[in-house]
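Read through the structure below, which is laid out as structure tokens, and then see the notes.
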Protein chains: 2
Amino acid sequence: MNKNGELYNKIPILRAEKKWSQKDLANQVGVTRQTIASIEANRYNPSLILAYEIAFAFEKEIYEVFEYKFTN
Amino acid sequence: MNKNGELYNKIPILRAEKKWSQKDLANQVGVTRQTIASIEANRYNPSLILAYEIAFAFEKEIYEVFEYKFTN
DNA sequence: ACTTACTGTAATATATTTTTAACATTTTGT
DNA sequence: ACAAAATGTTAAAAATATATTACAGTAAGT
């Protein structure tokens, strides 16, 4: 796959608003705490379904949680 | 990962509007034709970045290309 | 009818995400 | 100051996405 941009996310901010730990969010969406930590730190590119589950947990749309900035 | 829903997509419709083959779209987003075919057929769950690249190719937002229907 | 392009799908290989387990550091509550 | 919870990070294994190759079937153009 040919990336043309960089992925950013607002998960830490949204978690803070809800006062959720990484583990709280992880439990809600059915992944491990490390998966959430890795996504927050941009260590990897989540699946679309996981992105939807995270957005749903925050009662947001994907574009309110993730941003993809094209560089090319 | 714990799926709570099903992923649907409008890629075939959007391709038809643009008169693009699977290969045309694949080339634009930098994947193979089989990757596009598999996503169209819901054989798998693309990465968020690939979803953004596909939406961008169609000049659409992700929610205009993909829909995630919660079942739980 | 023929050729070429397009699509469906499968097998195997490779890359990446996700899990699990672990340990160190930082933050929070008392 | 102490204990408990939260976070950062890493390594190895497991699961899943993506690439590559291949072949068959369908649609489209001439």
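So that the names make sense, note that chain A is the first sequence line, chain B the second, and so on, each numbered from 1.
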message: At less than 4.0 Å, is any side-chain N or O atom of B:Ser38 found next to OP1 or OP2 of C:dT9? Yes or no.
response: no
field: Nearest listed nucleotide, side chain of A:Ser21, among D:dT7, D:dA22, C:dT18
entry: D:dT7
query: Does a side-chain N-to-carboxylate-O contact under 4.0 Å join B:Arg15 and B:Glu40?
result: yes
- prompt: Of the nucleotides C:dT18, D:dT18, D:dT9, which has the atom closest to the B:Leu50 side chain?
  reply: D:dT18
task: Report yes or no: does A:Asn9 contribute a side-chain atom to a donor-acceptor pair with the main-chain N or O of A:Ile39 at less than 3.5 Å?
output: yes
message: Using heavy-atom distances to pick each residue's nearest nucleotide on DNA chain C, tell me which of A:Lys3 and A:Gln34 is more 5'.
response: A:Lys3
message: Is the shortest side-chain heavy-atom distance between A:Ile36 and A:Arg33 below 4.5 Å?
response: no
- prompt: Below 4.0 angstrom from OP1 or OP2 of C:dT17, is there any side-chain N or O of B:Ser47?
  reply: no
query: Which residue lies toward the 5' end of DNA chain C, B:Arg15 or A:Gly30, if each is placed at its nearest nucleotide?
result: B:Arg15
query: Under 6.0 Å between ring centres, would you say that holds for A:Phe70 and A:Tyr68?
result: yes
Within the 6.0 Å centroid threshold, strictly below: B:Phe66 and B:Tyr8: no
Side-chain donor-acceptor contact under 3.5 Å, B:Thr35 with B:Thr32: yes
query: Of all the choices, D:dT20, D:dA17, D:dT9, which nucleotide is nearest to the side chain of A:Arg43 once you look at every atom?
result: D:dT9
- request: Nearest whole angstrom, please: distance from the C1' of D:dG8 to the CD1 of A:Ile36.
  value: 15 Å
query: Quick one: A:Asp24 CG to D:dA6 P, roughly how many Å, whole number?
result: 7 Å
task: State which of D:dT7, C:dT20, D:dA19 makes the closest approach to the side chain of A:Gln22.
output: D:dT7
- request: Take the C1' atoms of the five end pairs on each side of the helix from C:dA1-D:dT30 to C:dT30-D:dA1, get both axes, and report the angle to 10 degrees.
  value: 60°
- request: Measure from CG on B:Leu25 to P on D:dT18 and round the result to the nearest Å.
  value: 13 Å
field: Minimum-distance nucleotide to B:Thr32 side chain [options: D:dT20, D:dA17, D:dT9]
entry: D:dT20
query: For B:Ile39 and D:dA17, what is the distance between atoms CD1 and C1' respectively, to the nearest whole Å?
result: 9 Å
statement: From the candidates D:dA19, D:dC23, C:dT18, the one with an atom nearest any side-chain atom of A:Pro46 is C:dT18
statement: Separation of C:dT18 atom P from A:Leu48 atom CG, nearest Å, is 11 Å
Check: B:Thr71 side chain, B:Asn4 main-chain N or O, donor-acceptor pair, under 3.5 Å: yes
- request: Round to the nearest Å and state the distance from B:Tyr44 atom OH to D:dA19 atom C1'.
  value: 9 Å
- line: Rounded to whole Å, the CD1-C1' distance (A:Ile54 to C:dT18) equals 12 Å
- request: Mind calculating the distance between NZ (B:Lys19) and C1' (D:dA28) to the nearest angstrom?
  value: 14 Å
task: Would you mind reporting whether A:Phe56 and A:Val29 have side-chain heavy atoms less than 4.5 Å apart?
output: no
query: Considering only side-chain heavy atoms of B:Arg33, which listed nucleotide, D:dA19, C:dG8, C:dT19, is closest?
result: C:dG8
